[in-house]
Every structure is written in structure tokens, then in C-alpha cells.
> 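Sharing a structure, written as C-alpha cells. Questions coming.
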2 protein chains.
Amino acid sequence: MNLRFLETFIWVARLNSFSATADRLHTTQAAVSNRIAALERELGVRLFDRDLRSVRLTPEGRAALSRAEDIVRLTQEFQGAISSKDALRGRLAMGAIDSVVHSWLPRLIRRIQQTYPCVELDLTVDTSLTIAGQFHRSELDLAIMMGPVIAPQVESRFLGSLPCSWYAAPDMDLPAEPLPIASLAAWPILAFSRGSKPHQDILRHFADAGVKATALSNFNSIATMMILAEDSLGVTMLPDAAAQGAITAGRLRRLAVTPPPPPIDVHAAYTTQPRNTIATTVASMAQAEAEAFGRRGRDEEGDAG
Amino acid sequence: MNLRFLETFIWVARLNSFSATADRLHTTQAAVSNRIAALERELGVRLFDRDLRSVRLTPEGRAALSRAEDIVRLTQEFQGAISSKDALRGRLAMGAIDSVVHSWLPRLIRRIQQTYPCVELDLTVDTSLTIAGQFHRSELDLAIMMGPVIAPQVESRFLGSLPCSWYAAPDMDLPAEPLPIASLAAWPILAFSRGSKPHQDILRHFADAGVKATALSNFNSIATMMILAEDSLGVTMLPDAAAQGAITAGRLRRLAVTPPPPPIDVHAAYTTQPRNTIATTVASMAQAEAEAFGRRGRDEEGDAG
DNA sequence: ACCAGTTACGTGAGCCGTAAGCATT
DNA sequence: AATGCTTACGGCTCACGTAACTGGT
């Protein structure tokens with residue numbers, strides 16, 4: 001009996017899919033298939049009914065699920081309760097983009113400090129382009145940025161999407177919404193620094209709309225962009241999470257623009273060779289925080305709608 | 001985290017010894033040492049204080065123990081509850097000596113039948129010599145008999161000791177106890193079949209005492225020996241467990257003889273190559289039953305004294 | 001010298017990922 | 001053709017056993 005197999009079983013039961021479980025556990029479909037097969041062989045019981053488009057728990061599988069969850073939960077509690085807080089120690093050079101600073105990074109840092117007080121955090125906040133460059137020059141152990149990193153001996157995990165919107169000060173005199181993207185070009189655009197993906201996205205949007213946008217101002221800091229937008233100096237595209245406070249305070253309003261801007265897909269990258277335990281562990285924690293943040297966002301949206 | 005490591009940790013905590021744990025789990029001291037070291041490394045916590053003559057739980061280890069026991073217990077319950085009763089199926093040719101028939105074999109058989117109804121039991125009861133011969137000719141999958149089997153690709157487990165004593169009918173006219181072994185030679189000796197180890201032990205005892213015992217009668221069956229002894233036809237050496245009923249009924253009495261007869265050390269043997277899952281599993285069950293039987297015997301003795 | 005736990009090291013089983021297979025839409 | 005699980009297979013990691021080591025009586 002193998003705890004990893006039990007955990008795999010639980011995820012397959014939750015997701016009703018071998019391939020989704022493989023993604024979730026960062027392994028292959030074949031590995032998941034083999035783990036379940038091994039578990040079924042060992043128990044002499046069929047845990048899942050597989051017909052071609054679906055995977056469902058058998059009655060035996062249902063009985064096994066609650067027990068398996070107990071075992072895995074107890075094991076995690078065991079690790080948490082007994083494991084020395086000093087077990088993971090050392091320095092972690094982490095790079096992150098500003099958008100996550102305005103969403104779940106504070107929670108992540110707090111959790112790292114509480115769980116591993118002997119890990120020394122060294123945080124760099126910059127654009128994805130800069131973060132990626134530093135990561136490839138091995139100046140960073142863990143890079144949290146847009147887009148996956150495809151490189152040998154680098155593990156890249158999708159952490160979550162941060163939805164974005166256009167924002168402006170409430171007193172700005174804008175046409176009736178929904179605004180076509182082209183119409184925004186009449187105002188100064190407060191945008192991420194040149195060369196960043198959001199910057200390029202904005203350019204492409206305007207290009208698609210047949211408009212040449214010249215009034216793009218470039219900043220490295222979301223906070224700066226927000227302050228300038230609140231002062232009615234232009235319109236800006238931000239992660240919704242960053243704008244939340246200003247919206248609530250009435251200093252910004254969200255613009256309905258077509259097409260809506262794409263979300264920021266946040267990924268974490270770290271080397272697998274050499275293996276970096278701290279980076280791997282923190283990447284898992286980041287994934288959990290990003291997931292919780294996404295869930296919270298959706299729940300609030302659900303409450304509002 | 002590995003369940004086998006947790007189980008090893010529990011046994012070391014119970015036995016306060018790495019080597020005893022290695023024996024109990026049928027592995028090497030080095031393996032136990034490495035498992036504990038790995039667990040300690042993973043948790044970043046020292047679980048045991050080792051000074052040279054003793055192993056003791058640290059406070060952290062004590063906290064870990066109860067949780068580890070929960071996890072292992074849940075896992076065993078998981079296996080028991082979910083595992084198909086039909087998972088283990090097939091035929092098991094088992095040989096056993098008469099002494100275990102009169103101690104824990106009935107319980108073992110009942111448990112096998114309840115746990116694995118699809119296992120077909122094929123039981124041979126004979127002397128250790130005969131059982132061993134059949135086992136070596138591959139006529140038996142599992143041999144339960146005296147003495148370990150030392151052979152390549154054969155696993156031999158010590159199951160437990162069955163204490164033995166001399167017995168006679170209460171109305172037999174014997175000298176005052178404790179009786180020196182030599183004095184027994186005056187009566188017919190109802191003994192195990194010639195060539196069996198108890199038979200040889202008796203012969204050696206008499207030889208050591210300088211007495212030539214000619215009145216040895218040979219039987220293959222403990223039940224026969226008991227019936228004849230109850231009819232005052234001689235004195236006999238039996239496992240205490242077998243004589244228990246006759247003692248309680250007043251049909252036999254236990255004789256204090258010096259030196260006392262040696263106990264019967266019962267071992268189980270099965271081939272590791274080819275690997276025989278049923279035999280291995282049943283050997284473990286036999287070990288558990290023999291241990292429980294031994295505990296029960298000692299408890300009763302403790303109650304009486 | 002002996003005992004009990006640790007360390008070193010070569011070996012083997014088990015698990016993984018790649019890739020091909022298979023059945024169905 | 002695409003999807004989604006299974007099977008086959010080579011590679012690699014990790015745990016094991018053997019054996020040497022350590023440190024204390």
C-alpha cells in the first residue's frame with residue numbers, strides 16, 4: 001500500500017478523470033492509470049467504472065474513498081504536526097510580477113514565513129520579461145510570471161489566471177458602454193512597461209481594431225498606474241484583483257470594453273536539475289494560494305451576480 | 001512519507017530496539033536504521049534518543065507515535081474493509097505438527113476461512129520429520145513444525161514456543177516431587193514417534209541422567225498418548241496446551257520433573273522462490289495467532305501464580 | 001571481544017515517462 | 001481524426017542486504 005496511490009485515487013474520484021488527475025499531480029496519464037490499476041489489483045476490487053467518456057466510482061470505490069481521505073488527511077496532519085519548522089532552511093531567491101503582488105503574493109509570503117521560519121526570502125518584483133531573464137541566468141530559484149517556461153530541466157506549473165479589465169476614474173467623460181476597444185485610443189493609455197505581454201496584447205488589440213495607439217505610457221508598477229488613473233490622467237488595464245480596493249472606494253470604475261482583455265496566466269518555474277526542494281515546496285504553496293484566491297474571486301462574483 | 005517507515009517506527013517505539021524490530025519485521029538492522037533515519041530526515045526531528053545500550057522515544061517521537069499508530073491502523077482497516085475477500089484464492093497445502101493442532105491451529109484455520117473464503121486448505125498433520133520431507137519434495141506450500149528450515153529460497157519464521165511438561169494419571173503411584181528425570185524410566189514412557197525431536201530429547205535426557213530407557217512407546221498422535229496416560233498406562237510428555245483440558249477435568253496431573261523438558265519451538269517455512277503469496281500471508285496469520293496464544297498462556301499463568 | 005546502531009556501496013524491484021494500442025465518437 | 005484509458009518497454013531512483021565501521025562496556 002502506497003500513500004501516493006491513495007492520493008491519486010482520491011483525485012481521480014474527485015475529478016472523474018485520469019488525465020485531469022495526471023495534470024493536477026504533475027504526472028502522466030499512464031502513471032495515474034498504473035497507480036489505480038495497482039491499487040485495484042492489490043485490493044482485488046474494481047474502484048472505478050470506465051466507459052469511454054467517463055470515469056465513475058463503483059460502490060466499493062465509494063466505500064474506499066472516505067477511508068482513503070481519512071488516511072491521507074491524517075498523514076498530512078502528521079507531517080504538519082511533527083515536522084520540524086526548521087527542516088526546510090536556506091535562501092530562496094523568488095521573482096514575481098506585480099499582478100500577483102496585488103493578488104495572492106502577500107498571503108503566500110505570510111504562509112512561507114509561518115511554515116518555514118528558517119527560509120530566507122529574497123523577493124524581486126519586475127516584469128515577466130525581466131524575471132524570465134534573471135531566472136535563466138540562475139539569479140532566481142523560483143520565477144512567478146506570465147506564460148510557461150519551456151526549457152530542459154525546468155519545471156513549469158500553471159498557478160492560475162488573473163482576470164483583467166479596463167478601468168478609469170469615475171469622473172472621466174467616456175462614451176456609452178460597451179466601448180469598442182478602438183474608442184479607447186482617444187485617451188491616454190496607462191499601460192505596463194513596453195515589451196511586457198499585457199503591453200503587447202494592448203497593442204495587438206488596437207491593431208486588430210485598425211487603430212494606431214500612440215498615447216501608451218509605460219510603467220513598471222501597477223500602483224503607479226492606478227494612482228495616475230485615479231487622477232483621471234487616462235484609462236488603464238489592470239488585474240481586477242488590483243483594482244478591487246479602488247473600485248470599492250469609488251476612485252475607479254470598471255469599463256465594459258469589447259473585446260475584453262485577456263487574463264494574466266500566472267506560472268511558476270523552477271529547476272528540476274539541480275533539484276531545489278525549497279523552490280518546489282514554495283511552488284506548491286503558491287499553487288494552493290492561487291487556487292484559493294481564484295475560488296474566492298469566483299465566489300464573490302457569484303455572490304454579486 | 002512511506003507507510004512501511006511508519007510501521008517500522010511504531011515497532012521500534014514498542015520494542016525499544018532496532019535489531020528486535022528488524023527480527024520482527026523480517027528485515028535487517030541496517031534497513032531499520034535507514035528507515036528511521038529517513039523518517040527523521042524527512043521530518044527534521046529526532047524521533048529516538050540512542051545511547052549505546054538503549055533506544056528511547058524523544059518527546060517529539062512520543063507525539064509522533066500516536067499519530068503514526070492511527071495512520072497505520074486506518075490503513076489496515078482500509079485493507080480489511082475494502083480488500084476483496086476473493087482476492088486471495090487458490091489451494092494451500094499446509095503441513096502441521098500435532099502440538100499446534102492442540103494449541104492454536106483451530107483458530108488459525110477459522111481465521112483463514114473467514115478472511116479468505118476462496119482459499120482451499122489441504123491439511124496434513126504428521127511429525128516434523130515427515131512434514132519437513134514433504135515440504136522439501138514440494139508437496140507442501142507451508143510447513144508448520146519444529147526447528148527452522150535452513151535452505152536457499154526458503155523463508156523460515158519462528159512462530160512461538162509451546163511449553164511442555166511431564167504428565168501422568170492422578171492415581172499413579174509416583175515418588176515425591178520434584179522427580180529427577182532418571183526416576184521416570186521405571187514407568188512406561190508414552191512418547192512421540194521415534195525419530196521426532198521430542199523423542200530424541202527424551203532419550204538424551206535419560207542418557208544424560210545415566211539411565212537407559214527401554215520402555216518408550218511410540219505414537220504419532222498426542223490424543224492417543226493422552227488417552228493411554230489417562231488410563232494409567234505410563235507417563236507422557238506433552239505440550240501444556242494439549243494437556244490443559246485433561247488437567248482441568250482431573251484426568252491427568254502435571255509432574256514436577258528436573259530438568260524440565262524443553263519447549264517445542266514452532267517455525268513456519270515456505271518458499272520465497274517461487275514466491276507464494278498465500279503461504280506468506282498465512283504464515284503471518286499463524287505468527288499472529290501463535291503470539292496471541294502465547295500471550296494468553298502467560299496471562300493465565302500470571303493469574304494462577 | 002562483543003554488542004548495537006551507523007555508514008558505504010553494489011544490486012534489484014518498482015515506478016515513471018514515452019510511445020504505441022485500442023475502442024469509441 | 002480526436003479523445004481517453006490501457007499496455008509495453010526502457011531507464012532511473014530508491015530501498016534493500018552485505019559488510020565494514022564506530023564507540024562504548
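What you see is a predicted model, and the numbers here were worked out from it, not measured in a lab. Chain identifiers are assigned alphabetically (A, B, ...) following the order of the sequence lines, protein sequences preceding nucleic acid strands; residue numbering begins at 1 within each chain.
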> Between A:Ser19 and D:dC5, is there a contact of a side-chain N or O with OP1 or OP2 at under 4.0 Å?
yes

> Across the strands shown, which category fits B:Val55 at heavy-atom distances under 4.0 angstrom: base, sugar-phosphate, nothing?
sugar-phosphate

> For B:Arg67, enumerate each residue passing the side-chain hydrogen bond (donor to acceptor under 3.5 Å, both in side chains) test, keeping only those at least two apart in sequence or located in another chain.
none

> So, is A:Arg50 near the phosphate of D:dT6, with a side-chain N or O under 4.0 Å from OP1 or OP2?
yes

> According to side chain to side chain contact (heavy atoms under 4.5 Å, CB included), who are the partners of B:Arg50, at least two apart in sequence or on a separate chain?
B:Phe18, B:Ile36, B:Glu40, B:Arg46, B:Phe48, B:Val55

> With the criterion being N/O to N/O and under 3.5 Å, what pairs connect the protein with nucleotides 18-25 of chain D, and how long is each?
from: D:dG24; atom 1: N2; to: B:Arg53; atom 2: NH2; distance (Å): 3.3

> Rounded to whole Å, how long is the line connecting atom CG of B:Asn2 with atom P of D:dT13?
18 Å

> Expected output is a numbered-order residue list: members of residues 5-16 of chain A with a heavy atom under 4.0 Å from any atom of DNA chain D. What is it?
none

> How close or far is atom P of D:dT6 from atom CZ of A:Arg46, stated in whole angstroms?
7 Å

> Tell me, which pairs form a side-chain hydrogen bond (donor to acceptor under 3.5 Å, both in side chains) where one or both residues lie in residues 136-150 of chain B, sequence neighbours left out?
B:Arg137-B:Glu139

> Going by the rule side chain to side chain contact (heavy atoms under 4.5 Å, CB included), which residues pair with B:Ser66 if we only count those two or more places apart in sequence or in a different chain?
none

> Mind calculating the distance between CD (B:Glu42) and C1' (D:dC14) to the nearest angstrom?
13 Å

> Compare all side-chain heavy atoms of B:Leu3 with those of A:Asn2 and state whether any distance is below 4.5 angstrom.
no

> Taking distance alone, no hydrogens or angles, what donor-acceptor pairs closer than 3.5 Å link side-chain atoms of residues 25-33 of chain B to residues at least two apart or in another chain?
from: B:Thr28; atom 1: OG1; to: B:Ala31; atom 2: N; distance (Å): 3.2

> From CD of A:Glu40 over to C1' of D:dT6, roughly how many Å is that when rounded to an integer?
12 Å

> Taking CG from B:Asp51 and C1' from C:dG5, how many angstroms apart are they, rounded to a whole number?
11 Å

> How close or far is atom P of C:dG5 from atom CG of B:Leu47, stated in whole angstroms?
15 Å

> Ignoring hydrogens and angles, write down the donor-acceptor pairs under 3.5 Å from the side chains of residues 70-79 of chain A, residues two or more places apart or on other chains.
from: A:Asp70; atom 1: OD1; to: A:Arg73; atom 2: NH2; distance (Å): 3.0
from: A:Arg73; atom 1: NH1; to: A:Glu77; atom 2: OE2; distance (Å): 3.4
from: A:Thr75; atom 1: OG1; to: A:Ile71; atom 2: O; distance (Å): 2.7

> To the nearest Å, give me how far apart CG (A:Asp23) and P (D:dG4) are.
11 Å

> B:Arg4: which residues meet the salt bridge (Lys or Arg N to Asp or Glu O under 4.0 Å) condition with it, sequence neighbours left out?
none

> Does the side chain of A:Leu162 come within less than 4.5 Å of A:Pro263's, by heavy atoms?
no

> Using a cut-off of strictly less than 4.0 Å, decide whether B:Ser33 has a side-chain nitrogen or oxygen near OP1 or OP2 of C:dG5.
no

> Report the distance from atom CD1 of A:Ile36 to atom C1' of D:dT7, rounded to the nearest whole Å.
16 Å

